[in-house]
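Residue numbers start at 1 and run along the sequence shown. Ligands are counted one by one from 1 in listed order, and the atoms in each one are counted from 1 as well. We use all heavy atoms of the structure for the numbers below, so side chains are in, but hydrogens, waters and symmetry mates are not.
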Amino acid sequence: MKPTAPPPLSRLPSPLAEELPVVQAHLRTLDGALDWAEAQAIAQPWVQAVRDEPAPFWAMESLLREYPISSAEGLALMRLAEALLRVPDAQTAIALTADQLGRADFEAATEGDGPHPMLASLSASAIGLSKRFLPQGEQPPGLFKRLGAHTVVAATVRAIQLLGRQFVLGQSIAEALGEARGRRKAEPALRYSFDMLGEGARTERDALRYLAAYRDAIAAIGAAANRGAGPEANDGISIKLSALFPRYEEHQRERVFAELLPRLLTLIDAAAAADLNLTVDAEESERLELSLDLIDACAAHIAARHSSWRGFGLAIQAYQTRAVACVHEVARIARLHNRPHGLRLMVRLVKGAYWDGEIKRAQELGLADYPVFTHKHHTDIAYLACAQALLDHAEVIYPQFATHNAGTIAAIAAMAERQPAKFELQRLHGMGEAVYREVMKSRPLPLRIYAPVGEHRDLLAYLVRRLLENGANSSFVHQLADPRIDVAQLLASPLHAAGKPGQPAPRAMFGAERRNSAGVDLSVPAERAPLLAAIEARRATGVPAVREASAIDATMQRLHAGHLAWNARPVAERAAVLERAADRLEAALATYCGLLVAEAHKTLGDGVAEVREAVDFCRYYAQQAREQLAPRELPGPTGERNTLHLHGRGVFVCISPWNFPLAIFAGQVVAALVAGNAVAAKPAEQTPAVAQAFVELLFDAGVPRSALALLHGPGETVGAQLVAHPLAAGVCFTGSTQVAKLIQRALAAKDGPIVPLIAETGGLNAMLVDSSALPEQVSDAVVQSAFRSAGQRCSALRLLCVHQGIADGVVEMVAGALHELRLGDPAELATDVGPVIDAEAHAALSRHVERLEREARRLARRELPDGIERLANGRFIAPCAYEIGRVADLKQEVFGPVLHVVRWGPGTAAPELDALVAQINALGYGLTLGIQTRIDSRAERIAQLARVGNVYVNRNMIGAVVGVQPFGGEGLSGTGPKAGGPLYLPRFCGERTLTVNTAAAGGNAQLLAGDEAVAVGAGMH
Ligand SMILES: Cc1cc2nc3c(=O)[nH]c(=O)nc-3n(C[C@H](O)[C@H](O)[C@H](O)COP(=O)(O)OP(=O)(O)OC[C@H]3O[C@@H](n4cnc5c(N)ncnc54)[C@H](O)[C@@H]3O)c2cc1C
């Protein structure tokens, strides 16, 4: 059977719901179903007992008490645990240990006989020792070396392995099963759900490796299971769909059903044959619909093939605002596939592990709301409302309540007493041990432990990130460990709605002064529908033609005259025009996306991001103009008034490129306008229609026609004439370094006033990766930075510099991820890489790739899919990566999806990081730089050494946000000031000071009256 993808589910409400009404509805559901006082009375003795008799050494609670994650020591320990075990070389391991331990004070934290003598002594002998002798900087001094850096690091590694043992049940499934067997001797009712957890797959190879690990684990668990006892009574397995397929995304729905689903079904067949519980873990909220559609397909398969199996399940996250709707949907699926025996699903209810990530994504995308609650107690309320719904659906659902919160457990116990149904409780291995010890004493309920299995090196990075995410002050486990929080406070009722949101709405994240631009969640069908419709509509009408500019001199004369009236308008009025333009552009987002896709071959995601950037430019420069361009009174001697006035210079010539035909065009034009200039705007020849549409929008918003003119045509003729025109009072240019030089020379050769040039040009942008970096994160950042927008961004990654100790693995992962990219029509949601802009670019890039084929080592090259030559005249360049010998071998900017890779480290052309940075600086460009390291001091040092405009640490290096990452480089990369930054507007202005002797017509009355301080300033000139 080859499954086909169903259209996306629309039975769930939008993920972007307003929080308060949802919470109020949940509270109404719980009214009568739950008496919190009862829950409190049940939980109170548990909590008191845990406090009186703390958890065993190294349990999460104990660790948190010793080293709260919010403390420098706790954070250092966790961050070492995240990274240290994967570092292959001693030098980096020492630097990482020094960096982290240097920030913490373990000796103080473990002074005396702490409650955990083993930890205290370990800290004293290893961590404490290293703290005492490790140096401040990165290079350990002689003293440290003599005392044995290697010994200190080895001891720290041992400490981390010990820590790993607390969170990982076994390094193999056999070891984990053995461990579980051992623990069952003391607690025979304990059940486990094993998890081969790690990072999600980035490559097909990784996915197949995870699939095999899951399959082997199911076989082993099945072999050890008690036949006939059923899934409730046996150990089971938890799986992550993101581990089974590298592109588990809504955008790749077709492939998910064609490739991921069959893999999932083989695991289902195996688990059903062994009669085990197989649970699909819940991941990020944007995958919810997709996951439910997969569950639906699985349920149909189970109904057809495994009619008596009752072990299939999934996790549901209560922190999602539509969690309760999700419970009902799952029950509907179960009923839909009901059959003689009745399909029953096992549903694990969790609160959710990706809260920070969800909040961040919504803010970055400028969504209308968050998909998750913003108050902890709202999540608690939703958890209980979901619990009630699960109990209500008991005939088709077996609830599995996963929580470490004593209040939540007690509330569930109380609810279940009123409504008897079978259910179980779940906790994570290494967490909640003491609470459950007490729970089991008073109510022996079925309990299952979610137990990670695998090598510490592979698991800790993921586990620790989750722990850090959940180790917040608001978490129950954290508060239980904090003796300052009394029991009543710990068990206070969550059953009340907060009046205000816990986070500013994503669009209010910049405060009252400036609204964040509205974005679109493309993973939500209803949100993307208008965009798809606009793209279709544009396809039907085609891109409007434009006429080449004539009468350039007359236009310049007209603008020169027009500038005076525009400049005379108060700054606030000009700013208001920009804000009106922003609102109109935001409202027309879909239309502009249609145009960007049709004319500039932007993918949907890139189109949305570009419109948002243009909106942000308008709002940001409006705000900056209000703050910076109003007349400023300056201090001076009494009897005199000194005022600084900023004004437009005249006619600014703005010349912009095709790669951001809306955002860069808009940014230049509105900055020049709001500063009081008239603007002669020349867009790129390849993308005139987008510019035309935006200029019309500006006119509609109130820019006078006498202050703005659009002049289409080639740079060599129209652009050159504008620059050379005597009335050009300034030039703002974004494009190649060569053309910027031509403009600079043309301006220098002109008679008349000396005018400013603001140039933003290209870059040979590098990413430095050391051996503490996490390969999966590196791979994500590289693929996005090098290949998104077909590499046609000035910020794009051109040169990846990887430490040789991890280079093979990183290159293999990047190559695997590159092969997963989808090339095609940018109008399709699934497309990652569209065509390059024109035939000329295609020819130049093809020549460069041919040269690399001869002169460099090919690491990866995505083959072009069949039939692609019929699209965009076949102007596709296959994303590719080549290893070159040295940094200096990269001589020019290659504006396409072509990545160059060099290795650094001992024995290479760049043995040390400092040498590597010097080589990159020597290229002469200075636009963007990526750094991937877990060594904070190293990242800071590189950022100081690098002569680069925008440095990004542990993330991708594209997509600078207006007002957040002001963008622009130095050296051959541009003149500055940075676009979207606070210093941009003044460069478009002239300055005048006005000094008035207020004492001229008589004495200074105020001074004589004695009520003004006498300010005496030294004259400047
Ligand atoms: C057996 C088991 C399996 C699990 N499987 C999954 C899974 O498949 N997918 C998954 O995502 N997680 C999973 N988890 C992790 C789970 O989400 C966290 O352990 C859980 O959120 C911690 O909740 P608690 O009830 O123990 O603690 P509590 O301290 O009561 O709750 C903490 C939780 O509250 C939420 N929260 C914190 N701050 C806020 C805020 N300001 N606004 C709104 N909500 C907030 C977060 O979800 C946070 O994790 C699993 C946990 C267990 C025990």
Side-chain angles (χ1 to χ4, degrees), residues 19 22-23 43 60-61 64 167 169 191-195 197 236-243 277-285 287-288 291 313-321 323 326 346-359 362 370-384 386-387 399-412 424-433 435-436 447-452 462-463 465-482 485 490-492 494 498 500-503:
E19 182 164 357
V22 178
V23 174
M60 187 62 196
E61 294 87 329
L64 278 172
F167 297 109
L169 190 67
R191 298 293 164 259
Y192 283 83
S193 186
F194 299 106
D195 175 24
L197 156 158
I237 188 160
S238 294
I239 62 172
K240 280 209 166 38
L241 298 186
S242 61
N277 172 202
L278 179 145
T279 300
V280 175
D281 281 353
E283 301 187 59
E284 292 83 355
S285 67
R287 290 163 159 163
L288 181 63
S291 71
L314 72 153
I316 292 180
Q317 295 156 326
Y319 67 13
Q320 290 205 40
T321 50
C326 183
M346 298 174 97
V347 175
R348 175 203 301 150
L349 183 63
V350 302
K351 286 182 189 165
Y354 308 85
W355 188 78
D356 304 28
E358 296 285 353
I359 297 288
Y370 295 105
V372 294
F373 296 107
T374 63
H375 286 280
K376 162 76 168 68
H377 62 270
H378 288 175
T379 296
D380 291 341
I381 294 167
Y383 190 95
L384 297 172
C386 286
Q400 302 170 304
F401 298 111
T403 173
H404 312 103
N405 184 320
T408 310
I409 301 169
I412 302 252
E424 70 182 36
L425 296 168
Q426 297 195 346
R427 70 168 175 85
L428 295 177
H429 173 58
M431 244 201 235
E433 227 162 311
V435 167
Y436 274 98
L447 174 64
R448 192 183 294 272
I449 298 175
Y450 183 102
Y462 181 86
L463 270 173
R465 284 206 311 280
R466 291 282 86 84
L467 279 177
L468 286 174
E469 245 174 36
N470 287 292
N473 295 354
S474 65
S475 108
F476 181 84
V477 172
H478 185 281
Q479 296 192 352
L480 182 64
D482 185 348
I485 298 181
L490 198 58
L491 294 175
K500 283 198 291 195
Q503 295 287 323

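With 3.5 Å as the limit, one finds no donor-acceptor pair spanning the side chains of S242 and R287.
At a heavy-atom cutoff of 4.0 Å, ligand 1 is contacted by no atom of R448, backbone or side chain. With a 4.0 Å heavy-atom cut-off, ligand 1 is reached by the backbone of T374 but not by any atom from C-beta on. With a heavy-atom cut-off of 4.0 Å, A315 touches ligand 1 through its side chain alone.
Proximity to Y354 (heavy-atom distance under 4.0 Å) selects the following atoms of ligand 1: 11 (O). In the vicinity of S474, heavy-atom distances shorter than 4.0 Å reach the ligand 1 atoms 37 (C), 38 (N).
For the pair S193/Q400, no side-chain contact is recorded, criterion being any heavy-atom separation below 4.5 Å from C-beta on.
By the 3.5 Å distance cut-off applied to N or O atoms, V350 is not counted among the residues near ligand 1. In terms of polar-atom proximity, R348 is counted as a contact of ligand 1, with an N or O under 3.5 Å from an N or O of the ligand. For a threshold of 3.5 Å applied to N or O pairs, the pair formed by T408 and ligand 1 contains no separation below that value.
When the salt bridge (charged side-chain N to carboxylate O under 4.0 Å, His left out) test is applied to D195, no partner is found at least two apart in sequence or on another chain.
The shortest heavy-atom distance from G502 to ligand 1 is not under 4.0 Å. Using 4.0 Å as the threshold, H378 has no heavy atom nearer than that to any atom of ligand 1.
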